[in-house]
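I have placed the structure first, in the form of structure tokens, so that the comments after it can refer back to it.
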Protein chains: 2
Amino acid sequence: MAGRAAVPEVIWARPERAGRGPKPAYSRADIADAAVRIADAEGLDAVSMRRVAAELGCGTMSLYNYVPRKEDLYELMVDAVSGEHELWEPSGDWRADMVRAAHGTRGLMRRHPWLPRLMSSIYGFSPNALRYLEHCLACLDPLEASYGTKMELVAMLNSVVTMYVANELAAAERARSLPWSEAEENAVRIAYLGGRIATGAYPRMAAAFAEDAGPIDLEAVFERALERVLDGFDPQA
Amino acid sequence: MAGRAAVPEVIWARPERAGRGPKPAYSRADIADAAVRIADAEGLDAVSMRRVAAELGCGTMSLYNYVPRKEDLYELMVDAVSGEHELWEPSGDWRADMVRAAHGTRGLMRRHPWLPRLMSSIYGFSPNALRYLEHCLACLDPLEASYGTKMELVAMLNSVVTMYVANELAAAERARSLPWSEAEENAVRIAYLGGRIATGAYPRMAAAFAEDAGPIDLEAVFERALERVLDGFDPQA
DNA sequence: CGTAGTTACGTACACCGTACGTAATGCGCT
DNA sequence: AGCGCATTACGTACGGTGTACGTAACTACG
């Protein structure tokens with residue numbers, strides 16, 4: 001009567017080691033690391049149960065002893081890289097700390113370009129996510145606001161960073177599975193866009209693109225976005 | 001020498017009707033509508049080339065005459081529902097118009113819960129997306145700012161709305177493919193979270209959850225988020 | 001010490017995206 | 001007018017996916 005549970009499971013609530021049987025050959029961390037390694041090197045779509053099992057050196061179905069569903073594997077991956085979040089001593093300047101946190105998150109997502117895609121489908125309360133959240137709240141101690149407001153701030157900052165990185169990486173990530181390069185694809189899309197705009201049907205879009213000759217300074221855009229979000233929560237501003 | 005193009009393609013740049021052969025049996029809109037219908041009714045994962053072809057009543061491989069890759073089908077879907085965006089006469093009050101646009105986007109995403117998942121992987125310049133963007137820029141005419149800033153505003157508002165709806169729908173969307181209900185899953189996850197917090201390892205999280213007895217007013221959270229984003233761009237504020 | 005529950009894992013199934021080949025179709029050209 | 005050929009239609013097939021199920025080896029608890 002082993003059977004699969006017909007009742008919801010949170011993988012984190014499951015003990016790593018059950019009392020009874022032979023001791024597991026791998027830890028949850030081993031599995032998460034293997035999956036992360038594959039995703040980093042070959043993209044998220046390369047992460048299959050078979051591939052992860054092969055990376056670990058075990059049979060495919062053995063993985064299901066550790067991870068009941070593939071989605072739980074994703075949850076393990078997100079938590080694993082969430083552990084890379086740097087946790088520093090709050091400086092007392094909550095704005096500076098939040099900017100630092102946002103840069104940290106951006107770095108994390110650039111190191112693991114598959115993260116934005118998973119973020120939108122994964123429940124946000126894995127162990128390492130909790131530690132990170134608690135740390136952000138600690139940084140926000142100097143801000144005079146309810147915890148509810150502080151949670152909203154963190155959520156909004158994460159949203160903006162996630163979307164920013166997702167856009168930044170979208171083309172590159174897609175190019176991984178296509179027979180042409182990111183630059184080629186971008187060129188074709190810009191050409192199409194230019195054609196549409198040249199019809200005169202979108203006068204303001206035309207003005208927008210005419211406005212800034214030269215490439216946009218994405219770094220400045222990011223920085224401005226952060227400041228604006230923080231402004232929205234700053235009683236001083 | 002038919003062959004597949006080894007050069008980047010934007011599906012929008014392809015003419016719907018080629019000059020030479022028999023006339024196509026379906027329009028791009030037919031195909032997009034079929035896919036949208038399936039995704040709305042059975043979830044995005046039910047949208048397969050076979051399933052869409054069946055819905056249209058044609059052979060699976062015939063679809064590839066219209067849509068070179070499955071990703072292009074996604075692009076068609078996003079554009080199709082983007083056409084549902086209401087385009088009104090700008091009121092002169094850009095904040096009010098932006099709030100209205102945000103509510104519209106939220107409604108769109110609630111009607112098509114698979115949209116947030118696709119938004120992060122789809123290039124944002126389909127025909128209907130262009131119309132919507134142009135309309136937003138028109139609403140922002142009264143705002144004294146560069147077009148670059150206005151584009152940043154629209155992008156940020158869309159990010160926040162997307163993430164908000166994604167979180168709102170995440171559990172429900174996942175429950176679609178799982179053997180238990182959204183409520184059951186949520187209960188288990190809340191229980192786990194409660195257990196973690198009860199350890200005392202996350203004092204501020206504990207305070208946050210203790211702070212508001214009763215369920216959070218998500219509507220108010222959404223409204224506040226919008227106002228804060230707009231504040232970040234309002235020279236008056 | 002037996003036994004119940006766990007680990008390991010091979011096999012099998014239904015489904016996926018899509019490459020390829022072939023037959024029918026109808027526009028553009030001479 | 002009629003030939004040529006690009007395009008449409010679509011069946012078949014391949015290599016992949018997640019995972020249900022059955023079986024054998026193993027170990028902690030009663």
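Below, chain A is the first sequence line, B the second, and so on; all start at residue 1.
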* To do: Report the distance from atom CG of B:Leu63 to atom P of D:dA9, rounded to the nearest whole Å.
  => 10 Å
* Asked: Do the non-hydrogen side-chain atoms of B:Met119 and B:Val161 ever get within less than 4.5 Å of each other?
  -> no
* Asked: What residues form a side-chain hydrogen bond (donor to acceptor under 3.5 Å, both in side chains) with B:Ser27, not counting sequence neighbours?
  -> B:Asp30
* Would you mind reading off the distance between A:Leu73 atom CG and D:dT17 atom C1', rounded to a whole angstrom? => 14 Å
* Asked: When we call it a touch if two heavy atoms are under 4.0 Å apart, what does B:Ala53 touch: a base, just sugar-phosphate, or nothing?
  -> nothing
* Asked: To the nearest 0.5 Å, what is the distance between OG (B:Ser82) and CG (B:Leu108)?
  -> 6.5 Å
* To do: Report yes or no: does A:Tyr164 contribute a side-chain atom to a donor-acceptor pair with the main-chain N or O of A:Ala225 at less than 3.5 Å?
  => no
* **Side-chain N or O of A:Ser62 closer than 4.0 Å to phosphate OP1/OP2 of C:dA8** => no
* Starting at atom CG of B:Asn65, determine the distance to atom P of C:dT22, rounded to an integer number of angstrom. => 17 Å
* What is the minimum heavy-atom distance between A:Asp40 and A:Arg111, and which atoms define it? -> OD1-O, 3.7 Å
* **Test item: side-chain donor near acceptor, B:Tyr132 and B:Thr105, under 3.5 Å** => yes
Considering only nitrogen or oxygen atoms on both sides, find all protein atoms under 3.5 Å from nucleotides 14-17 of chain C and state each distance.
{"from": "C:dC16", "atom 1": "OP1", "to": "B:Ser48", "atom 2": "OG", "distance (Å)": "2.9"}
{"from": "C:dG17", "atom 1": "OP1", "to": "B:Lys70", "atom 2": "NZ", "distance (Å)": "2.6"}
{"from": "C:dG17", "atom 1": "OP2", "to": "B:Met49", "atom 2": "N", "distance (Å)": "2.9"}
{"from": "C:dG17", "atom 1": "N7", "to": "B:Arg50", "atom 2": "NH1", "distance (Å)": "2.6"}
{"from": "C:dG17", "atom 1": "O6", "to": "B:Arg50", "atom 2": "NH2", "distance (Å)": "2.9"}

* Any donor-acceptor pair under 3.5 Å linking the side chain of A:Tyr66 with the backbone of A:Ile31? -> no
* Locate the shortest heavy-atom distance separating B:Lys70 from B:Val47; write the atom from each residue and the value. => NZ-O, 2.8 Å
* Is the distance from OP1 or OP2 of D:dA9 to the nearest side-chain N or O of B:Tyr66 less than 4.0 Å? -> yes
* **Nearest-angstrom distance from the residue atom CE of B:Met61 to P of D:dT7** => 17 Å
* Would you mind building the protein contact string for nucleotides 25-30 of chain D? One character per nucleotide, 5' to 3', B for base within reach (heavy atoms under 4.0 Å), S for sugar-phosphate only, - for untouched. => -BBSS-
* To do: Using atom CZ of B:Arg174 as one end and atom P of D:dG18 as the other, report the distance to the nearest whole Å.
  => 17 Å
* Is there a side-chain contact between B:His103 and B:Phe222 (heavy atoms, below 4.5 Å)? -> yes
* Asked: When the distance from CD of A:Glu16 to P of C:dT7 is rounded to whole Å, what number comes out?
  -> 11 Å
* To do: Would you mind reading off the distance between B:Arg14 atom CZ and D:dA6 atom P, rounded to a whole angstrom?
  => 16 Å
* Calculate the interatomic distance between A:Ile38 atom CD1 and D:dG16 atom C1'; express it in whole Å. => 15 Å
